Amino acid sequence: TDSDAPTSGDSGDGDSAGSADLIPVTVGVIPIADTAPIYVGDDQGFFEEEGIDLTIETATGGAAIVPAVVSGDYEFGFSNQLSLMVAADQGLDIKMVSAAVATTGDTSKDMGAVVTKPDSGIASPADLAGKTVSSNSVGNINDTAVRSVVDEAGADSSTIDFVEVPFPDAIAAVENDQVDAAFVVEPFVTAATEAGLEVVTYAYADFDPKLDIAAYFALSSVDADLLEKFQSAMQKSLEFADSNPDVVREIMGTYTKTDPAVLAEITLPTYPTEFDRASSEKLAAAAVEYGVLKAEPDFDNLLP
Amino acid sequence: MTAVLNTVSEVRRLRRRTSSGAGAWLGAIGVVAFLGLWETVSRLGLVDTRFVPPASEVLVRFGQYVIDRAFWRDVGSTMLSWSLGLIIAVAAATVIGFLIGSSRFLERLTHSTIEFLRPVPSVALIPLAVLLFGTKIQAGLLLIVYAAFWQVLIQVIYGAKDVDPVADATARSYGLSRFQRIRHVTWPTALPYLMTGVRLAAAVALILAITAELIIGTPGLGKQIAETREGGAITSMYALILATGLIGVAINLVARFIERRVLAWHTSVRMDVAG
Amino acid sequence: MSPENATTPVLLVEGLRKIYPAPTPQAEAIEAIRDLTFSIPQGQLVCIVGPSGAGKTTLLKCIAGLLPPTAGRLELEGKAITGPPKTMAVVFQEYGRSLYPWMSVQANVELPLKSAGVPKAERHQRCSEALEAVGLSDAADKYPWQLSGGMQQRVAIARAVAYRPQILLMDEPFAAVDAQTRADLEDLVRKIWKELGVTVLFVTHDIDESVYLGQRVIVLSNRPTVVQDDVTIDLPDERDQLTTRSDPRFVELRRHIYGEIQRAKTNAGGAQQPASA
Amino acid sequence: MSPENATTPVLLVEGLRKIYPAPTPQAEAIEAIRDLTFSIPQGQLVCIVGPSGAGKTTLLKCIAGLLPPTAGRLELEGKAITGPPKTMAVVFQEYGRSLYPWMSVQANVELPLKSAGVPKAERHQRCSEALEAVGLSDAADKYPWQLSGGMQQRVAIARAVAYRPQILLMDEPFAAVDAQTRADLEDLVRKIWKELGVTVLFVTHDIDESVYLGQRVIVLSNRPTVVQDDVTIDLPDERDQLTTRSDPRFVELRRHIYGEIQRAKTNAGGAQQPASA
Amino acid sequence: MKFLISLFFLLALPIVLILLWWISTIVSPSFFVPTPGELITTFFDTWFGERFTEDVLPSIGRLFLGIAGSIIVGVGLGLLIGSFKPLRQLLEPLLEFFRAIPPPVLLPLLMIIIGVNWRMQVFVIIFGSLWPVLLNTVEGVRATDEVQRDTARSYGLGRMARLRYLILPAAAPQILAGIRQCLSIALILMVISELWYTSAGLGFTIVQFQRNFAIPEMWSGILLLGLIGLGLAVLFRYTERYILRWYHGLREVQREP
Ligand SMILES: Nc1ncnc2c1ncn2[C@@H]1O[C@H](COP(=O)(O)OP(=O)(O)OP(=O)(O)O)[C@@H](O)[C@H]1O
Ligand SMILES: Nc1ncnc2c1ncn2[C@@H]1O[C@H](COP(=O)(O)OP(=O)(O)OP(=O)(O)O)[C@@H](O)[C@H]1O
Ligand SMILES: [Mg+2]
Ligand SMILES: [Mg+2]
């Protein structure tokens, strides 16, 4: 009857027991599809191979992960790229250490999309002008991407009213006319299309087909040796995950509560091994334009 | 002789009536009525069942949880941080509350600070908590203690001020020391207030325990709720919320039980027995 | 001596029994009243005396409809008493707690009138008359906790007087006032009783007072309580603090009742039926 | 008649004045005591009488160190009274509120002893003796709110008795008990006074009682309060409810004090200096 | 003189605490804890401008609506539940059930039922801050003195009169204790109600700062919350003094000299 077996937190314990010479490393992540590679890598033993005894801690957002990394409680953390740029902008001494997840680049099938009701009269990004659009957080990568796409389509994105609605509630918000459109990510993109909603734009892919969405980060002062080990383990994990989608779907069943039937359907992101600096710069420029970021970051220091 | 026998049986009858569980039945009726309403609303399609599943489905899911060991492990960790946080908050608030409540000087001195600190939302303290304690149980505890502490403190201060002047004069005239007066006069007077404070704090502590798990991600019911939500498993989420509420009900039962013990002399409890 | 039932009884107490239930499972229930039977005709002034703890207050509370009796019948004007009757006023033994500390003396006295819908002007009128009668005209604006014990008790009396009830229950109403005031208040009660024709039930510890005031004195036994004696006070209706109290019949009645109470103290209900002198 | 200062005064009251401050800015301050001066020698039994609202309770509270006087000097054994003295016990007029509803009768009586560090066995012993003396042996396990008014008052008395103070202040302690019990309690107070040599200050409304009990009766005037009269009770020390009360001197003293109180009611401080009979 | 004393009591402890905080920031500086000076300058820069009318004022408006709602519902329901034992037995488990549910998890449900608008936020405030008022009212009503109750009944006071003249004033000290609790909880819930489903407001702004690591700005928001709380408390103290003047008179006469 132990169906909800401990999914995280102690997931590293099982295979690392007894290996005393391993370096204990804690990584704070958000338990979503984007972080599947690290679970896969742990499962495949990539971290152990590098001499790392990995512990994965989960949190629901950056609010808890960043301070935990800053205080030294976690060695590494997972966060979306724009948040990290903002943090660095505010003077936090952190740097990105590994790529994590990127858009598929497919503008007709991606893991993040703006959805709306079929009869809403919103057929293209330009129609979003003057509408209420939800996103899980405002002043971040999602609304920046959406605004940029709208502006590129020739409409004025400053007329959009962005409202914060958590992804799980977004479909209900659209269906109940609380918002005109919603930006959601998987598994809710699949759920939305199944519920009869229509996709207006796959905003990430439309913004930049190589856009890095999130990254692993650490304090700038992180031990160089450890950093190298982590990076190479992550490298292997990302590669493996990118080429074995079935393993990814399977492992997601262990650390999320998503229905396996839905998991089989969802669009998986790309798991790149390298950052795409051009896309990051484009994102930073857009963020500065929309006032999310004060100045473009020094990518030489921020990126690995 | 018959009169005496009569009395004895009468006394027994009276005793039995007062300890009968009519209250529990009424409470059960209330709960059943609520579940019925929920089921009806959901079945009639007044709300979308995808977002608000019918009570029966949630109950079935809840039933599955009940026989699931992992569920109990989560309940266990939530209850652990809950009880630790509550105990710390109540103990600290009681001691400080009595000190403040029985001295006009201290009360005036601390008033502005208390009123300033009280409305600080625990949620806003999360970065600080994580910074101080990392994501260990202490971080959650800090939030729980911070939120629950004020609830008890205010109640105790008010209770300590409610001492009957004649009762206090009596104690002073018999030369009871300050401590003895607190122990024998102020404490019993403030006890009903404290009990209310504890009941308030118990719920707040539970809410914070769950919220902390939700946001910081320490294991427990809150984390499960967050995960079911993220995963779109709405029925499971409601089953867990149901569990949370039921824990609240259970806590209240315990509180009421304790109250009946320690406040048997108090008008409110006495009237319940008599009426 | 037994009461003359000249007029129809306004109040009937039959086989009254009251057991206070145990407050906690471990405690015992307390049988305050075993078996009381008596009736009071319209307009009578009855004094009730009995040892401390006999159940006088309990009896009054049952009659006032504040406590449900455990057994027995209680009737007011032929109708069973189920709640506090509208036409009744009670002066409680715990006068201090029966005044509301959040209201001025005047507001306390006027409250029952207000709730009975008496117009404001009349309310004021009645209130100041009543306060005048108990000697508290200048305390109208004070709060009860600014008054001395005796003053508080007089406020409670004023409240009952201003209410102009048809039945007046008084539970040791003069316990906290000085001798002189007490005499004045005794005369006040007799005056009100005569002028308004109210039925009065008056609990007292002072035997002289019971004889001086009452047309009839009911003596209760010790707990468990029964009626120990029921004495008709055959003194002339016009009473006066000096002459009445020196009347030989007064002294005789007084001695008789004193003896009865002494007997009552050692005598609990069930042991013996009420006897007459 | 003036008090004989045979022994050194244990209690000195000089120029005592008490004004209750106005509780709200709109209200007025109340001058309860204008000017009181008297002294009490060690081991005297003094009764205080006076009209209702004269300030007797206020005086007692000042002596007990519970209320700060507005002006004047209060000394106990030569030392100024600044707080409740250890060796003093007070029976409050508001007996109901001075008992703690959260404690059984026994716990109420034992509380002061406990705080004084009396060992458990002796505490029990003293408590049951005191309850026995006031006739409440079987109420030890009850709670105050399970008792009748008179019983509550007797618990308060038992508490003071069990404490064995050197000074005993009693504020109308027998107001709620029946005549027979009252007589018993009067004799109890005299017995304790004699056996333990305590100094007793006894406030009462009952003039007979004041004469029967006291060695000396202080009559207070109406508000604002001064000492109206100070009467030495020159009755034999061995007193008895029957013989003492029929003593012609008793009747004479009683009449004298009655007259004084009547005079006191119309006579407020400042208007006239205390006079002796 | 009186004013100076009040001022002393108002400021003494805060000044000591600020000094302690200042010293601690000097001894061990931290990115997440600004210095007092930093905080003060940020405070004025951040809140006095457009933000004040666009974020702060509407939030305070909702806060007041929420407080008013909590008091009305809490006292009203509390009087009913406290007066009728069967009603209390019927509703107690249900109320305890809802009390234990964290308000944030109810948000999705509320979104469907009420919608994404200010009413939903006010509802969240009421839902969270109602309980201290309710519980204290129930307990206060239950604790009404027996003799006082008997007096009212024996004089035939009707239900309304009893409520108005006996039960409400008698329970007032405890009800007011509950209201005092309610004020600060309402403020906390004002923030929580703006965590999601909104794009403006004081709470929203604070969370936005927190998310964007604008730490001094975030603390300045908390400072503002504290000041609002303090303001509410002062308002409340005056109201309470007025409502309970009899009570304070009664208690204070015999307070220690
Ligand atoms: N609330 C109560 N619970 C339990 N027992 C009670 C309660 N009230 C009174 N009693 C008991 O009932 C008996 C009668 O009490 P009651 O108050 O009627 O006496 P009483 O005749 O008024 O006495 P007194 O003259 O001293 O006021 C007493 O033995 C008392 O202990
Ligand atoms: N707490 C108080 N605040 C204001 N005035 C008070 C207070 N207590 C008593 N007084 C006033 O002081 C005066 C004396 O009161 P006190 O209680 O001393 O009288 P008393 O002699 O004990 O009367 P009684 O015999 O009726 O008990 C009264 O006029 C009363 O109104
Ligand atoms: Mg009585
Ligand atoms: Mg007095």
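None of these values were measured; they are calculated from a predicted model.
- Counting heavy-atom pairs closer than 4.5 Å to chain D, the top-ranked of the candidates C:Gly135, C:Ala176, C:Gly53 is C:Ala176.
- Taking 4.0 Å as the cut-off between side-chain N and carboxylate O, D:Arg17 and D:Glu31 count as a salt-bridged pair.
- In this structure, chain D has a heavy atom under 4.5 Å from the side chain of C:Ser148, while its backbone stays farther away.
- Contact annotation for D:Gln153: neither backbone nor side-chain heavy atoms come within less than 4.5 Å of a heavy atom of chain C.
- At a 4.5 Å heavy-atom cutoff, D:Arg182 makes no contact with chain C through either its backbone or its side chain.
- Contact annotation for D:Lys142: only side-chain heavy atoms (C-beta onward) come within less than 4.5 Å of a heavy atom of chain C.
- Neither the backbone nor the side chain of C:Phe174 comes within less than 4.5 Å of any heavy atom of chain D.
- Residue with the most contacts toward chain D among C:Lys56, C:Gln152, C:Gln93: C:Gln93 (heavy-atom pairs, distance under 4.5 Å).
- With respect to C:Glu186 and C:Arg245, a salt bridge is recorded, a charged nitrogen being found less than 4.0 Å from a carboxylate O.
- D:Asp208 and D:Arg254 are joined by a salt bridge, as a carboxylate oxygen and a charged side-chain nitrogen come within less than 4.0 angstrom of each other.
- Salt bridge status for D:Arg255 with D:Glu252: absent, with no side-chain N to carboxylate O gap under 4.0 Å.
- In terms of heavy-atom pairs under 4.5 angstrom with chain D, the leader among C:Ser52, C:Gly150, C:Gly149 is C:Ser52.
- Contacts of D:Thr181 with chain C are made by both backbone and side-chain atoms, with heavy-atom separations under 4.5 Å.
- When each of D:Ala32, D:Gly96, D:Pro51 is scored by its heavy-atom pairs under 4.5 Å with chain C, the top score falls to D:Pro51.
- The closest side-chain donor-acceptor pair between C:Ser98 and C:Arg159 falls under 3.5 angstrom.
- Side-chain contact check for C:Val49 versus D:Asp178: every heavy-atom pair is 4.5 Å or farther apart.
- Put simply, the side chain of D:Met170 reaches to within 4.5 Å of the side chain of D:Val189, judged on heavy atoms.
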